[in-house]
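Following: one structure in structure tokens, then a few remarks.
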Amino acid sequence: MTMKNYSAIREFILLGLSTDPYIEAVLFVLFLLIYFLTLTGNFLMLLVITADSQLHTPMYFFLKQLSFLDLCHSSVTAPKMLENLLSERKTIFVESCLAQAFFVFVTGGTEACLLAVMAYDRYVAISFPLLYGQVMNTQLCVGLVCVSWGLAFVDALINILPAVNLDFCEDKTIPHFSCELSSLFPLSCSATSTNFTLLLCSSVLHFFGTLVMIVSSYTRIVSTIMKVSSTMGRSKAFSTCSSHLTTVILFYCSGFISYLLPTSGSPLEMIFSLQYSMITPMLNPLIYSLKNKEVKAAVRRMLRKYFYPLM
């Protein structure tokens with residue numbers, strides 16, 4: 001496919017979060033801390049799950065994939081945003097902007113699929129505990145993760161490849177801290193109605209499709225739990241789902257609202273976009289470590305093994 005000339009525009013200007021130097025300095029420190037906590041928390045989660053043999057189960061295999069995805073998702077936008085907070089020229093090349101939009105699509109789309117897979121995993125574990133090991137075998141788990149990545153890549157390519165052929169001219173200001181396709185279409189002097197329709201349809205199919213799968217899994221989970229006679233049994237079953245449900249609510253609420261709001265650079269839009277791209281990836285390791293006894297026990301075992309002998 002031959003790429004068209006991008007007219008006179010070679011760079012976009014990302015307006016970012018503020019133009020006040022003092023506020024930018026404060027925001028830089030704040031988001032650098034958030035990004036550091038995101039990297040640290042998710043790296044630790046990857047380390048703990050990999051190192052502890054008791055966590056080598058399908059549930060924690062998927063959780064490890066989620067931690068890796070959160071590392072990727074936050075790293076797509078955070079470094080450039082931090083750079084622009086310290087820079088007077090808040091520019092990004094058109095090609096770099098399209099690449100960033102592509103990887104936002106890939107990581108966000110994969111996470112949506114993975115959350116649906118994790119919901120199915122919880123359904124099998126609670127509804128068919130005796131068959132859990134047979135159903136959720138290694139081959140199926142790896143296959144589900146590969147399919148999640150594959151669907152997200154296809155979805156991203158379907159939207160990004162047509163956008164590569166757009167001509168950008170005149171206005172080059174993006175009222176945002178990152179590049180997203182919905183922000184780029186208004187800057188194009190080419191017809192974008194087809195691109196917008198494609199983006200809307202693929203997003204609805206991808207995100208609402210995975211949400212329907214999650215709701216379906218949890219409907220069956222609740223139905224199974226309601227048949228459990230003991231209160232303690234119900235409580236234990238619900239506790240295995242609480243962390244995943246919290247992650248689903250954070251991801252979908254912030255994601256849907258940030259994409260449904262018009263691209264205007266309003267403070268509300270920025271807040272939900274920040275939660276979607278930076279806050280949620282930071283919180284996921286905390287959610288799974290604070291609410292999960294097995295993860296906390298694994299952390300204690302790792303500390304005793306690697307650090308206590310040195311004290």
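Please read all numbers here as calculations on a predicted model, not as lab measurements. Just so it is clear, the values below take in all heavy atoms, side chains as well, and ignore hydrogens, waters and symmetry mates.
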Mutual orientation of the aromatic rings belonging to Y252 and F207 [parallel < 30°, tilted 30-60°, perpendicular > 60°]: perpendicular
Side-chain donor/acceptor of S277 to backbone N/O of S74, under 3.5 Å: no
Pair E11 + K90: basic N to acidic O under 4.0 Å: no
Modelled atom types, side-chain donor and acceptor of S202 and N159, under 3.5 Å: yes
Residues E95 and R10 bridged, charged N to O under 4.0 Å: yes
Between Y132 and D121: side-chain donor-acceptor atoms closer than 3.5 Å: yes
Ring centroid separation H73 to Y276 under 6.0 Å: yes
Distance-only polar pair, side chains of T224 and S127, donor-acceptor under 3.5 Å: yes
Same apolar cluster (I L V M F W Y, side chains within < 4.5 Å links), L151/V117: no
Test of ring centre spacing under 6.0 Å for F128 and Y123: yes
Sub-6.0 Å ring centroid separation between H244 and Y218: yes
Interatomic distance, S193 atom OG to F185 atom CZ [nearest 0.5 angstrom]: 10.0 Å
